Amino acid sequence: MDLEELKRIQQECAKKVVQKDDFQEIRTVGGIDLTFQDIRNNPTKAWASLVVIDINTLKPIYEDVVEGIVDFPYIPTFLAFRELPLMLSLHQRAKKKPDVYFIDGQGVAHPRGCGIASHFGVITQSVSVGVAKTKLFGYYKEPSTKRGSWSYLTYRGNILGAVLRTRDDTEPIYVSVGHRISLKTAIELVLKTSIYRIPEPTRLAHNLLQKVRKKLS
DNA sequence: GCGACAG
DNA sequence: ATCTTGTCGC
């Protein structure tokens, strides 16, 4: 694998990212997650799940799981090349696509402006948001401990995303624009779909994988 | 050179 | 990310 070539791919992807609202309305939100049979080995068997929820009830209306072999190691800033393939098959299989996707990881809050959430959005031409549990890139000041409070994630004067508290007295999450959405709307959407720390689409997709994993491993 | 480093 | 029982908190 040639990381320099992959960097160029990410730089090209970054140019295509649209950081403004470019959609009609949002009724459904899909969350995607992956789990691996043996995280230490490469290649290894893996499963990816997609759970689509209704924006008003926050209840699932569609679920799907795909199994496959992942054959690219985890290298910080190159996560997409490891996890995108299975995510793309979930998107292709879905009869009814969600209006927006929440992707585990960063969107534009990435050294080259194209984290996995943006990469997914650009390739599928869908609306996407990066929702990460930890930071990859950038600086920020801690938001207050109250649910809904947030602060900008920045780098050299540029706004990359937001560090958002989705629950009182709980660790914040890192939200960034994936594709075809503004940061403001992304923050509102994540907050609206969050009951616990992790927004419902992502949390349910993760829960679904835990069940499937036990049964199929 | 050193530290940081999504999942 | 993964391996895991009991345990703490709302």
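Lettering of chains follows the sequences in order, A, B, ..., and the numbering in each one begins at 1. Everything numeric here is computed off the predicted structure, so don't read it as measured data. Keep in mind that the numbers below use all heavy atoms, side chains included, and drop hydrogens, waters and symmetry copies.
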Tell me whether the centres of the aromatic rings in A:Phe78 and A:Phe72 are closer together than 6.0 Å.
-> no
If we require ring centres under 5.5 Å and near-parallel planes under 30°, does A:Tyr174 stack on B:dA6?
-> no
Please check if any side-chain donor atom of A:Ser144 sits under 3.5 Å from a side-chain acceptor atom of A:Ser149, or the reverse.
-> yes
Note, A:Arg82 side chain near A:Val70 side chain (heavy atom, < 4.5 Å) | yes
Nucleotide of B:dA6, C:dA1, B:dC5 approaching A:His110 most closely (side-chain heavy atoms) | B:dA6
Atom-to-atom span, CD1 of A:Ile103 to C1' of B:dA6 - whole angstrom | 12 Å
When rounded to whole Å, the CZ to P distance for the pair A:Phe137 and B:dG7 reads 16 Å
Whole-Å distance, A:Ile116 CD1 to C:dA1 P, equals 13 Å
Out of C:dC3, B:dA6, B:dG7, whichever nucleotide has its closest atom nearest the side chain of A:Asp104 | B:dG7
A:Glu83 has its side chain closest, among C:dC3, B:dG7, B:dC5, to B:dG7
What is the distance from CZ of A:Phe78 to C1' of B:dA4, rounded to the nearest Å?
-> 15 Å
Choosing from C:dA1, C:dC3, B:dA6, which nucleotide comes nearest the side chain of A:Arg213?
-> C:dC3
Report the distance from atom OH of A:Tyr139 to atom P of B:dG3, rounded to the nearest whole Å.
-> 15 Å
Whole Å only: how far is the NE2 atom of A:His206 from the C1' atom of C:dC3?
-> 13 Å
For B:dC5, does OP1 or OP2 lie under 4.0 Å from any side-chain N or O of A:Thr134?
-> no
Tracing side-chain contacts under 4.5 Å among Ile, Leu, Val, Met, Phe, Trp and Tyr outward from A:Ile69 reaches none
In whole angstroms, the gap separating C1' of B:dG7 from CD of A:Gln37 amounts to 17 Å
Are side-chain heavy atoms of A:Asp99 and A:Glu25 found at a separation under 4.5 Å?
-> no
Would you kindly say whether A:Asp21 and A:Ser182 are connected by a side-chain donor-acceptor distance under 3.5 Å?
-> yes
Rounded to whole Å, CG of A:Leu79 lies from P of B:dA6 at a distance of 9 Å
Mutual orientation of the aromatic rings belonging to A:Tyr155 and A:Phe137 [parallel < 30°, tilted 30-60°, perpendicular > 60°] | tilted
Protein heavy-atom contacts under 4.0 Å, written 5' to 3' over nucleotides 4-10 of chain C as B (base), S (sugar-phosphate only) or - (none), form the string -------
Side-chain H-bond candidate by donor/acceptor type, A:Thr77 with A:Arg112, under 3.5 Å | yes
Find the runs of at least 3 consecutive base pairs, i with j, i+1 with j-1 and so on, that include DNA chain B, using Watson-Crick or G-U wobble geometry with both distances under 3.5 Å.
-> none
Which class fits the ring pair A:Tyr152 and A:Trp150: parallel under 30°, tilted 30 to 60°, perpendicular over 60°?
-> perpendicular
